[in-house]
Amino acid sequence: MSLEYWLKGEIPQPVKATLITDVKVLAGKIKQHKKPVVLLGSELYSLERLAGSDIVAIVADIANAVNADLTTSNSGIVQRLDSMGFKRYRVEFPMEFAQKLAKHSNYDLAMFIGFQYHYEWLLLNYLKHYAYKHLNTLSLEPYGHPNATWTMPSQPIPLWYKNLLALVEVLKT
Amino acid sequence: MSLEYWLKGEIPQPVKATLITDVKVLAGKIKQHKKPVVLLGSELYSLERLAGSDIVAIVADIANAVNADLTTSNSGIVQRLDSMGFKRYRVEFPMEFAQKLAKHSNYDLAMFIGFQYHYEWLLLNYLKHYAYKHLNTLSLEPYGHPNATWTMPSQPIPLWYKNLLALVEVLKT
Amino acid sequence: MSIPYSRFKVRIDELKTPLSEIRGLDVSIGYVVEEWEEPQGPTPFPSIATLRKWDHILLSRYRPLYLPFCDLCCFCTYGKCDLSRERRGSCGLGLSDQQSRLVTLVCSIGASTHASHARELLEKLAERFDRDHSIDLGPQVHVEMPITRLVTGVKPRTLGDLEIVMDYVERQIVQTLASVHTGQEGSWIDYESKVFHLGMLDHVALEVADVTQITALNFPKADPESPLADLGLGVIDVSKPVILVVGHNVIPAGAIVDYLERMGIRGEVEVCGLCCTAHEVTRYEKKNAKIVGPMSWQLRFIRTGVPDVIVIDEQCIFTNIVEEARRVGAVVIATTDKACHGLPDKSSEDPDKVVEELLSGRVPGALMLDHDRAAEVAVKAALKLAPTRLRLKAKLPLEDVVEYAKKCTKCRECERACPQNLPISHAMERASKGDIAGLAEIYEKCFACSRCEHACLKQIPILNLILKAAEAKRNSELFKIRVGRGPIQDTEIRAVGRDIVLGIIPGVIAFVGCANWHEGAVDVPVMAREFASRRYIVLASGCSAMAIAMYKNEEGRTPYEEFPGEFAPSSIVNVGSCVANSHIAGAVIKIANIFARLPLRANYMEVADYILNRIGAAAIAWGAMSQKAAAIASGFWRLGVPVIVGPHGMKYRRMLLGDGEKGEAWYVYDAKTGERVYGGPAPEHLFYAAESREEAMVMAAKLCIRPADTPQGRAIKLTNYISLYKKFYGYDKLPPDLHLFVRTESDIPITYKDEVLKFLREANWEEKPSVSDPTLLEEVVRKRLAVMKQ
Amino acid sequence: MSIPYSRFKVRIDELKTPLSEIRGLDVSIGYVVEEWEEPQGPTPFPSIATLRKWDHILLSRYRPLYLPFCDLCCFCTYGKCDLSRERRGSCGLGLSDQQSRLVTLVCSIGASTHASHARELLEKLAERFDRDHSIDLGPQVHVEMPITRLVTGVKPRTLGDLEIVMDYVERQIVQTLASVHTGQEGSWIDYESKVFHLGMLDHVALEVADVTQITALNFPKADPESPLADLGLGVIDVSKPVILVVGHNVIPAGAIVDYLERMGIRGEVEVCGLCCTAHEVTRYEKKNAKIVGPMSWQLRFIRTGVPDVIVIDEQCIFTNIVEEARRVGAVVIATTDKACHGLPDKSSEDPDKVVEELLSGRVPGALMLDHDRAAEVAVKAALKLAPTRLRLKAKLPLEDVVEYAKKCTKCRECERACPQNLPISHAMERASKGDIAGLAEIYEKCFACSRCEHACLKQIPILNLILKAAEAKRNSELFKIRVGRGPIQDTEIRAVGRDIVLGIIPGVIAFVGCANWHEGAVDVPVMAREFASRRYIVLASGCSAMAIAMYKNEEGRTPYEEFPGEFAPSSIVNVGSCVANSHIAGAVIKIANIFARLPLRANYMEVADYILNRIGAAAIAWGAMSQKAAAIASGFWRLGVPVIVGPHGMKYRRMLLGDGEKGEAWYVYDAKTGERVYGGPAPEHLFYAAESREEAMVMAAKLCIRPADTPQGRAIKLTNYISLYKKFYGYDKLPPDLHLFVRTESDIPITYKDEVLKFLREANWEEKPSVSDPTLLEEVVRKRLAVMKQ
Ligand code: SF4
Ligand code: SF4
Ligand code: SF4
Ligand code: SF4
Ligand code: SF4
Ligand code: SF4
Ligand code: SF4
Ligand code: SF4
């Protein structure tokens, strides 16, 4: 499983992601960018339930480490970001935000976490074809995503969680 | 290029070939089988032209080494097999033969060499779905084939030629 | 201008007796030119390019945002072609073109499905009831068939008149489908225009289908108080023989009910339906028939073993149903040539012999194209089979969930196959330790497709485990649904038309379409109730209308018991099955016609322009799954009604997104002056996939905003937009694009005045003129100016 | 039994004057019941299931061998579903079902394309020439429109009559397309039956289209000596203004020729065509118009810069043609709503203003749905543009092949994108050293799709390099083609019918379809000449008819000069464009009718059964590419005529293969006795993809074998089978399945007697009864026995 993309039907396309298994390399890729943003999806709750831990906090750590903005349209995540006093986030509907990423923003890296697999798969594919000249994308999901520029591999939730923590550590250094 | 399948549009499917880069492993796979057959396609000529060498003879060597039958529907190959005194071949139309492989034969391994890419891709896909219970397939092309059970990787013609020669040597031992 | 059959000619000397067979008639194809007070409009029987101008206006504003589901094209033997990024296929096509072409194809399938359904109803029912049978939608409906009138310019009076309409629809579908042939249309924008055309045709077909059955079979006629019917897995009386009807075509189901009545045994047999046939059979019988549930309840129900005989008609049938039925000892009767399922054709055999053969198990089912015989066979087989099958019923063929769960190796192949990506292995882990709650949780989001089972290398019957774990929940599914009422009355339109157009009623929200919900059925009633409580007019149809029923408030009442069924604020109106979607589009058109007195006849562009700019309506197709859903949505787009889909809707290949930040896109004409003025991004999008229901609700409120809103109306709409936003995202927040929708201070909701003013100042907001007579059409400006001159 | 419009009824009191407009006519749709000596057959206007029985007979013998082009399904938002091996999709569908469903979809597109083409011709030409215009295919054709008669039971006399036929076709296409909706048909065999249905409908549409244009536009009428026309890239006079017409619909091209004649300047402008419009314009004008070549010659020609104005109509147009035209400074005029290519609609603008706008470069082209105006614009624009473009012509915008080739990094991305997998990098390597022969070799197999260019990271204009390298070859393309003759005469059928049925003429081989040849165009003339030399009757149509022209024998004569054009042994007959394929099917049907006196009227099954068992015909669609080709092939299958495609044809998702070794599959009834007897695997396959042309030739000879062959006939057929086999595989060899085709010793060709006898002994051959009256239909047995009893 580990080195494959996730849902079996969502087969890789001719242009496909580079799979990154080494957290250090991942951190390096992120740091190459001037203006990164992290999109948080509504499935983050399912992941938290499966992982049994607070992923929103980890994402906030990542954002803080690399000065990234966060966006989400999930009410629960908004509340939690508010309650942890995290400021650099905006409520953005992912579809509208994808359009902005392609047309109006100067973000150079969009990271995805916590989305339904096919939803993210398709958003990434829009960006892959229509925004590739100025934007890289990175999937931080436990599910490998072929339409990103870079993706973490498909991995068991506990391992993924450990890797996320490791990523935070590396980014902070 | 090397570790990918060949034509960009012919994307790998959920069930896909194991890519074998080590000639010894390849030989091992072939030798596991009791009744192998090699199908020779009409594009062998193009390969010979590009490689500048006699591939039919090498295929005959492979067949001899593992007691495999050969089949082809190409008149030129038939003549050359005749002229080299090779006996264990039959004229078979590949489409009809594929049907036999799935329904009536007791071959357990079908090896392909010298076919048009998409033609072989589709024949292999028939066998992958409808004959997988009793038949393995192996692509000996210089072009990686995702629908085979095993495939050689996509590789430059000269390298592929060297690998074929090496395979013959390993099989003979 | 392409009026079909415009030249016609009868060699009258050869007509002998008009009612007997006419021989030697030298082709007489009639085009119904009927007495109609209204003069013919500009676009009767439009062909592909007739409304292209309107489409291009819409599409230059709502440009496709492409979500390629595959980067390749495999349509012809030149392929596959890699279309990624800027590459083109062997035929010259690019990725965007191909996505729009795929949508065209999908909508052709959808429109054909409805058209063929309409044609069959028309053929069968016109035959049974006479082609002269008058169209009758009840005393309160004078503007009958608004879509048909608007599109074709025909005012049909009898069932027979509808044949002309269907001839037109079929011909145009064929013309449009031809455009997807390799090497025809080469441009995305013209493919999208064809998509709109197909959507419009689809709506005509929907209307013909539903009006035909309402008229011929006496379905409720615009009845706001149509009866309540039972719905749910728990409502079926398993002690009786059970006939399950699945699909969309009422005729076989109706024949079964009729046969039971004729035999005097209606009370002895349960007739229950799944998917739209369920709607139809309750609209037909209005008493005993029951609804099992929406489309994705098929395997949930069949696997319980309860149905003895499964009668399938057309559309939305689980295609492996013959095998599923065989597994539980039930038999299948197929009733249409569109879906024969490989069954032997017994259409002309003696029903008793067919029953015997079915009972013997020699055949798993039969194709019976004669519906009366099919009904007889279904009933007789059910009566004979039921006693032998009692032990199977409601018992899953599975005793020990825990033992099965222990076999699980946690390979997660099931999850990788699951379209919902549900955490099956995790639930198995828990189940293996005796805790089946995880499996029961999966039940909520699972739509019983069984893909997981095909993937499991350990051959664990995963779906059965899920169903078993949710047994209690399943049996408690006992709900009430208001039977589909059909069209909206003219009087109802008159009562609310003004308030809708002024914006005083914040909007009309229609919940339509299939059952491919990401978070399960509950999303739909939650949304519907929210809008109904906010004085929106809520409409519903198809599987979504069923989902709305599947909810109980604190008092144990379902939404249909809680909210009234009339077309009015704070109501929830079930119009009926999928084909009844035509009444939703029809209601919107009737507002333009009855309230605003716009001519209807063949006047498509003006009416659509009116709707886009003035009528705050949006559809939510939360579980949109099929090709039909795509066609229905396209019909709404061309008419100027935005559609929101759920996250699976992304797979429709592209959204139609406006770009709020692109100022120049939002200029309209002021028809009174002819000037171009800024109208704001209203409605902002035409087709939108939301990630969550919260997003969908906020978006729906936003998409009800229209340039023509009065200040009062705009303030009401913004109140809902803002308060929904605050509800979900915090009371300290405001929608970040709010400044785009406030034209003058009087647009600002009083409740939020200070807060909004502060926000506007920070956003450097400037007052904008509000335009009372907005239009995108030069023709409308010219017409208005001409009228004013007089 | 589903006769459309069977109940009709005119409210005669409302008919005032029959020839003026009729108001208030209460729907009168006429079904043409015409005086016809023949009584109505059993299956008039068949619907989907009417001929299902026949389809299932064929399909149980010729089972699909599936070649999935993708293991997934992405048809609805439940997907994508992984269907590999035994997995099923969310809707229950399996891999085989999905492949057959895809073929159904593809054939719907194909049939729609022809149907919409037919409808447009009919509408436009019936309008121009009067709906009462008699159908006239020349004095030698009395059995007009055999397909239409066979299928619908209608005997059309006028163009107007054909509208009824098209109504039927359109309605049935819509019904059948609906079956691919998610959740309808669930079984591969019924999808295949629908494929056959669509194929049959497609043939009807083809016939309507071609008969309409032959009748209205006075195309050659069954003329074996139709004139010769010029064909090839080398035949165009580049010093004149050049108008290129591309597509399939003759009307715009015809209007251009007419306009030039009217202006008296026909001699000053070159009008040349690509693809089927080229056929049509030569059939129309019969003198000056020239054919550039088949479909894949589009970029070959446009990139030379020769055409000044490109007029596109419908089907088989390079979809990026507007951009390609702009690159060489040419303009595009689109003429149908099916293919608007995003161009601004100038249909109702003043032609001179349109010309001016085109010349200004403000627009790259225009949509002109009024064909007379389109013609005027095309001519005027060409006259004005040509002088300014002279320097571009025939010069590729490319000076130094070698310099470009040096940029190549040998990354092979181009090869991985090339559908032909051509050795581009190798050729670049050679070219970089000054040897462009490798590139010129690629020209032969390249079909100018430009996919390589999109893939090249170095932005090398690869296709231009190839074209440049082959400049000499290109300019020497000067050939002759016999203009499409249309139908076969009744007298010709009478002359050869007996010999065909007895097997004395070894077979009828038709070369049909498109230009997706693996080994280049030359395959087709080589095969055609081989069969013509062996006394087969060779027919040709579409791009294949053009390919046959592109060959010169030792004396420099093209096949059309070498072989006669009558329907007789050793001839090569160009029937015309794609829609003229109907005359190929028609000829086969006419053999059953005229020679064997089988009733034609609505008698599909009996005639198809006759053809399958007795008429040694096969089609070779060597470059079959499109959805239309699939539909055409399906029409042949249902009629009992096998089709062979080239290797790219594998992408049609499945072949229909008989299994020669499965003895029980090859039993037939002897109609004389009613007994089941072994008829042998004849024809062995219904749809077959050959890997090479050698294989195709041997296979074609084999597929002409029929159970009803007389010993003499069988011996002649086997002579060809054996001798072709020997020619390719060695004179010491015999086909390994020969024993299956020898019934008694008298079947053995004298020439090979001893050899064959020896072979048969080794194969444990046993004599088998030969059956003179074979059939697969019980009905035929019953009928025959009843006749015998009398
Ligand atoms: S239709 Fe066009 S893009 Fe699609 S496979 Fe054919 S050539 Fe390629
Ligand atoms: S049946 Fe339910 S759990 Fe199984 S794959 Fe389908 S949606 Fe997922
Ligand atoms: S596929 Fe089967 S064995 Fe694997 S995790 Fe799922 S249930 Fe367990
Ligand atoms: S996923 Fe769909 S479009 Fe892509 S190759 Fe497969 S069938 Fe074709
Ligand atoms: S049509 Fe069926 S197999 Fe295809 S994607 Fe939809 S559910 Fe899956
Ligand atoms: S243009 Fe010719 S060489 Fe290039 S990809 Fe197409 S077929 Fe291959
Ligand atoms: S893609 Fe371009 S650079 Fe690469 S091998 Fe082909 S021609 Fe050379
Ligand atoms: S033969 Fe094929 S490629 Fe040629 S014109 Fe006809 S459909 Fe087009």
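Being a predicted model, the structure only gives us computed values, none of them experimental. Reminder, nothing fancy here: chain letters follow the sequence lines and each chain counts from 1.
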Q) Under a 4.0 Å N-O cut-off, is there an ion pair linking C/Lys727 with C/Glu694? A) no
Q. With side chains defined as the heavy atoms from C-beta onward, is the minimum distance between C/Glu413 and C/Arg416 less than 4.5 Å?
A. yes
Q) For C/Pro423, is it the side chain, the backbone, both or neither that has a heavy atom under 4.5 Å from a heavy atom of chain A? A) side chain
Q) Does any heavy atom of chain C fall under 4.5 Å from the side chain of A/Lys133, the backbone, both, or neither of them? A) side chain
Q) Can you tell if the side chain of C/Arg63 reaches within under 4.5 Å of the side chain of C/Leu657, non-hydrogen atoms only? A) no
**Q.** Selection residues 148-157 of chain A - residue pairs positive for salt bridge (charged side-chain N to carboxylate O under 4.0 Å, His left out), sequence neighbours left out
**A.** none
Q | Option in C/Glu661, C/Lys662, C/His426 with maximal non-hydrogen atom pairs under 4.5 Å from chain A | A | C/Glu661
(Q) Nearest 0.5 Å, please: how far is CD in C/Glu444 from CG in C/Leu422? (A) 11.0 Å
Q) Counting heavy-atom pairs under 4.5 Å to chain C, which of A/Val78, A/Leu127, A/Leu122 comes out on top? A) A/Leu122
Q. Does the distance from a Lys or Arg side-chain N to an Asp or Glu carboxylate O, for C/Asp659 and A/Lys100, drop under 4.0 Å?
A. no
Q: Could you tell me which residues in residues 57-74 of chain A have at least one non-hydrogen atom under 4.5 Å from a non-hydrogen atom of chain C, sorted by residue number?
A: A/Ser73, A/Asn74
Q) How far does CE of A/Met152 sit from CG of A/Leu159, to the nearest 0.5 angstrom? A) 8.0 Å
Q: Identify the residues of residues 37-47 of chain A whose heavy atoms come closer than 4.5 Å to a heavy atom of chain C, ordered by number, or report 'none'.
A: A/Gly41, A/Ser42, A/Glu43, A/Ser46
Q | salt bridge (Lys or Arg N to Asp or Glu O under 4.0 Å) between A/Arg80 and A/Glu48, intermediate numbers included | A | CA-CA 13 Å; A/Arg80 284 169 55 196; A/Glu48 288 190 330; 2.7 Å; yes
**Q.** Top contributor to chain C interface from A/Ile77, A/Leu124, A/Asn125 [non-hydrogen pairs under 4.5 Å]
**A.** A/Asn125
Q: Please look at C/Ala455 and chain A and tell me whether the side chain, the backbone, both or neither of the residue comes under 4.5 angstrom of a heavy atom of that chain.
A: neither
Q. Taking C/Arg653 for the side chain and C/Lys651 for the main chain, is one N or O donor matched with an acceptor at less than 3.5 Å?
A. yes
Q. According to the interplanar angle, ranging from 0 to 90°, do the rings of C/Tyr721 and C/Phe741 count as parallel (below 30°), tilted (30 to 60°) or perpendicular (above 60°)?
A. perpendicular
Q.
Under 3.5 Å, is there a donor on one side chain and an acceptor on the other for C/Trp517 and C/Asp523?
A. no
Q. Ion pair present between C/Arg693 and C/Glu530, side-chain N to carboxylate O less than 4.0 angstrom?
A. no
Q | A/Thr151 and A/Tyr143 side chains, donor-acceptor separation under 3.5 Å | A | no
Q. Residue by residue, which of residues 24-33 of chain A have a heavy atom closer than 4.5 Å to a heavy atom belonging to chain C?
A. none
Q | Expected output: side-chain C/Lys726 to main-chain C/Ile722 donor-acceptor under 3.5 Å | A | no
Q | Top contributor to chain C contacts, counting heavy-atom pairs under 4.5 Å, from A/Glu92, A/Met95, A/Arg49 | A | A/Met95
Q | Structural part of C/Ser96 lying under 4.5 Å from a heavy atom of chain A | A | both
Q: For A/Pro142 and A/Trp160, work out which heavy atoms get closest and say how close.
A: N-NE1, 3.3 Å
Q. Can C/Gln99 and C/Tyr652 be counted as having a side-chain donor-acceptor contact under 3.5 angstrom?
A. no
Q. With chain A, which of C/Lys410, C/His685, C/His648, C/Met655 has the greatest number of heavy-atom pairs at distances under 4.5 Å?
A. C/His648
(Q) Is the shortest side-chain heavy-atom distance between A/Thr21 and A/Leu19 below 4.5 Å? (A) yes
**Q.** Engaged part of A/Phe93 at the chain C interface, taking heavy atoms whose separation is under 4.5 Å
**A.** both
Q: Please work out which of the three classes, parallel, tilted or perpendicular, describes the rings of C/Tyr66 and C/Trp188, given edges at 30° and 60°.
A: perpendicular
